[in-house]
There are 2 protein chains.
Amino acid sequence: MSGTVVMKFGGTSVADAERIKRAARRIVSAREQGHRVVAVLSARGKTTDELIASAEEVSTNPDPREMDMLLSTGERISCALCAMAINDLGHRAISLTGSQAGIVTDTSHTKARILDVRADRIHQALDEDLIVLVAGFQGVSTARDVTTLGRGGSDTTAVALAAALDAEVCDIYTDVAGVYSADPRIVPDARKLPVVSFEEMLEMSASGAGVLQLRSVEYARNHGVRIHCRSSFTEAPGTLVVGEEETMERPLITAVTHSRDEARLTLLGVPDHPGVSGRIFTALAEANINVDMIIQDEPDDDGAEAHMSFTVPRTDLRQARAALDPVVAEVGIRAIGEDPEMGKVSVVGAGMKSHPGVAAKVFSTLGDQGINIEMISTSPIKISCVVAADAVDRAVRALHEAFDLGADQIEVEHPFGAPA
Amino acid sequence: MSGTVVMKFGGTSVADAERIKRAARRIVSAREQGHRVVAVLSARGKTTDELIASAEEVSTNPDPREMDMLLSTGERISCALCAMAINDLGHRAISLTGSQAGIVTDTSHTKARILDVRADRIHQALDEDLIVLVAGFQGVSTARDVTTLGRGGSDTTAVALAAALDAEVCDIYTDVAGVYSADPRIVPDARKLPVVSFEEMLEMSASGAGVLQLRSVEYARNHGVRIHCRSSFTEAPGTLVVGEEETMERPLITAVTHSRDEARLTLLGVPDHPGVSGRIFTALAEANINVDMIIQDEPDDDGAEAHMSFTVPRTDLRQARAALDPVVAEVGIRAIGEDPEMGKVSVVGAGMKSHPGVAAKVFSTLGDQGINIEMISTSPIKISCVVAADAVDRAVRALHEAFDLGADQIEVEHPFGAPA
């Protein structure tokens, strides 16, 4: 008997009977290789959206506790069906709700955080040679109510279980083959990355790579859980997300990521008093708006007022304006400008820490394309530029080429070896 | 604050958003009258059938434990949605799963029996002035697994909670207005019965009246729970099912019930040895076939063999034959005859205990119609006759008229008074 593996299947991987059976076969195959197997399943395809629609039919403002009771049924259905399919293959499986699996959360309904994983029942089932299926995205609160972890929560369930069970790896099965050097829909010769570090993956998730949920990557980094992000439709290895010490000498830049759904708000004539910025961003936070990049200009020559720009998700633009209106009147901001059609392009790479020329190359590459950079923000391993939304694709392609991310295919032996 | 009421809403009463809101208003109205309210909900409309179909898509023989995990989601969805609707009406509601509500069952998956109701959490919620919604049809087993109680199990959940909470009444809301003297689709002047006794209701449920599940009536009788069976679409009172001591002087006959889905098997030349009948009916019981009426003829003059007839649900006919085939060979039964198109008509009434002429009147009424009686069985308060399936409607109408069940509208003041 080798060690424990956690396998997570997303909604598209269990969307219909055929896909559930395929997931069942893959789970059984891991079991037959001698692993102790725990699989975390998401709700099927559109189930969660349909349940949300049902809630909106009966209530204008669905109670969060009841929303969790409602939404948690989706993953239970997936797990029960997959357990049936596995039992039909001659193996023994048991499905567990988040509560039965010991996922203990706080009481923040619809966005609960995991406080503890009490895995006794999972251990007991594994000791009885059972395959264990766990309903993702959910737990039980300290008040004994059903909770959910928010969108993408199944990834977090899987990583938390992998940590609690000291699993060898947390396999995240999805409808893409792994993490790419850029979105292959924009850059046809983008390459699949064999390995990325937690820090790179965090920056990539935060700057538009949709393949892994930011929160699950944070959890994995904090608990040292190796994630293997891979396709549920092929046997080929995907991308391993691991600690930096496990990654080899890295190229300067690992990937180019992007987002097309940004909007910029510009506050003109912000009084240069202490506390004004606090007022502005408290109002936005209270309206639950995620502010991304913030830039404040120098005050005017007379030192009396400044301009301030920041980006928000385009879908939040209207609520952001509504939240700002009272503040504008109160603190005496002169005007608000908005640019709703913005995008963001980012280059991410742990290698740039020791190479100072990356920013210059990013700026000149975009300049050569005639793309205007509206805002810039950086971290030690990331440079992001806000550009016009309709320039995003061109910017991604130009940066991907400038840093040789496609052509310069570094042949790294995959940690899991060749495809089966 | 007056006492506790348990209200149960069936699948058609929560089938869509409008009906859920209507159920919510009705629950709120009971609360506003000062009751402590516990409502038990079934799965919406066709949900259970759809879940069963999903299971059949992934497995030829779905595991019963997983089937229960799957099916139990339907009632949870209804409860969560109804709780949202109640909260929107300005009242506070909480939905509980069968497990959270303390419905403890044995481990017989898909047909579990309730062992205990540990209602502390319900009491606590009621003490906090909450309306409590409980997912029907389900519980948690002594092995901590989700169980279901079998078809119609939500009625049993409601009655069990009413017993545990010492409720004033258990309101069963359904798509019919109450219990009728005969099926109104067959007998247009059938009348709604204001009161029936547990014993009558048991006989009626067992002989074809679909409105209340036999098991829930048994539970109600054993625990003295008053059931009020009523329409979810009107405010009119329905039918009260209570102990005989609570019913008034009763007419001879209360109702005529029927079933159209019977089949008769006749075993010709059954050896007249001890143990042969035991073999036959053990084989049928092991195949899970419900045998209803059994008649054994006198042995032949030489005392060596007998004929035996019994009825089974028509849908079980094929399995019954399969179960009997080995027994036929083994004990030397000469032949099996089958009549697949049989029906059953029954008259039920607590009054017949003290009036000997009822059977004679039933037989002569059917005889006058030229309807042949194939088999007869009786209890102290019921007479059932097996007839050809295509004679059932005529038999029901003739018996209903012969016993004056429609015309002789006895005006009994309804225990709950006039409609609101």
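So that the names make sense, note that chain A is the first sequence line, chain B the second, and so on, each numbered from 1.
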Chemist: If you count every heavy atom of other residues, nucleotides or ligands that lies below 6.0 Å from A:Arg113 atom CZ, does the total exceed 12?
Modeler: no
Chemist: Can you tell me which portion of A:Arg76 sits under 4.5 Å from chain B's heavy atoms? Options are side chain, backbone, both or neither.
Modeler: both
Chemist: Heavy-atom pairs under 4.5 Å with chain B: which of A:Met69, A:Met67, A:Gln100, A:Glu18 has the most?
Modeler: A:Met69
Chemist: Are side-chain heavy atoms of B:Asp106 and B:Thr142 found at a separation under 4.5 Å?
Modeler: no
Chemist: Using non-hydrogen atoms and a 4.5 Å limit, figure out which bit of B:Ala24 sits close to chain A: side chain, backbone, both or neither.
Modeler: neither
Chemist: Against chain B, label A:Ile94 side chain, backbone, both or neither, depending on which of its atoms sit under 4.5 Å from a heavy atom there.
Modeler: both
Chemist: Counting only heavy atoms closer than 4.5 Å, note whether B:Ser72 contacts chain A via side chain, backbone, both or neither.
Modeler: neither
Chemist: Taking B:Arg92 first and then B:Asp129, would you say they form a salt bridge - that is, a charged N and a carboxylate O separated by under 4.0 Å?
Modeler: no
Chemist: Would you call A:Thr4 and A:Asp166 a side-chain contact if the rule is heavy atoms closer than 4.5 Å?
Modeler: no
Chemist: Which bit of B:Leu70 is near chain A, if near means a heavy-atom gap under 4.5 Å: side chain, backbone, both or neither?
Modeler: both
Chemist: Check whether A:Arg44 gets within reach of chain B through its side chain, its backbone, both or neither, counting any heavy atom under 4.5 Å.
Modeler: side chain
Chemist: Just checking, any donor-acceptor pair under 3.5 angstrom between side chains of B:Asp68 and B:Thr148?
Modeler: yes
Chemist: Out of A:Leu81, A:Asp63, A:Leu71, A:Leu133, which one racks up the most heavy-atom pairs below 4.5 Å with chain B?
Modeler: A:Leu81
Chemist: Will you find, in the side chains of B:Asp88 and A:Thr60, an N or O donor that is under 3.5 Å from an N or O acceptor?
Modeler: yes
Chemist: Using a 4.5 Å cut-off on heavy atoms from C-beta on, say whether the side chain of A:Arg19 contacts that of A:Thr12.
Modeler: yes
Chemist: Distance only, no hydrogens: is a donor on one side chain within 3.5 Å (strictly under) of an acceptor on the other, for B:Asp145 and B:Thr107?
Modeler: no
Chemist: For A:Arg144, is it the side chain, the backbone, both, or neither that has a heavy atom closer than 4.5 Å to a heavy atom of chain B?
Modeler: both
Chemist: Taking every heavy-atom pair that is under 4.5 Å apart, which of A:Leu51, A:Asn87, A:Ile77, A:Ile20 has the most such pairs with chain B?
Modeler: A:Ile77
Chemist: Go through the atoms of A:Ser78 and report whether side chain, backbone, both or neither lie under 4.5 Å from a heavy atom of chain B.
Modeler: neither
Chemist: B:Ser59, B:Ser95, B:Ala55, B:Ser54: which one forms the most heavy-atom pairs within less than 4.5 Å of chain A?
Modeler: B:Ser95
Chemist: A:Leu89 versus chain B, heavy atoms under 4.5 Å apart: side chain, backbone, both or neither?
Modeler: neither
Chemist: In this structure, which one of B:Lys8, B:Gln213, B:Arg215 forms a side-chain hydrogen bond (donor to acceptor under 3.5 Å, both in side chains) with B:Asp155?
Modeler: B:Lys8
Chemist: Please flag which part of A:Ala135 lies under 4.5 Å from any non-hydrogen atom of chain B: side chain, backbone, both or neither.
Modeler: neither
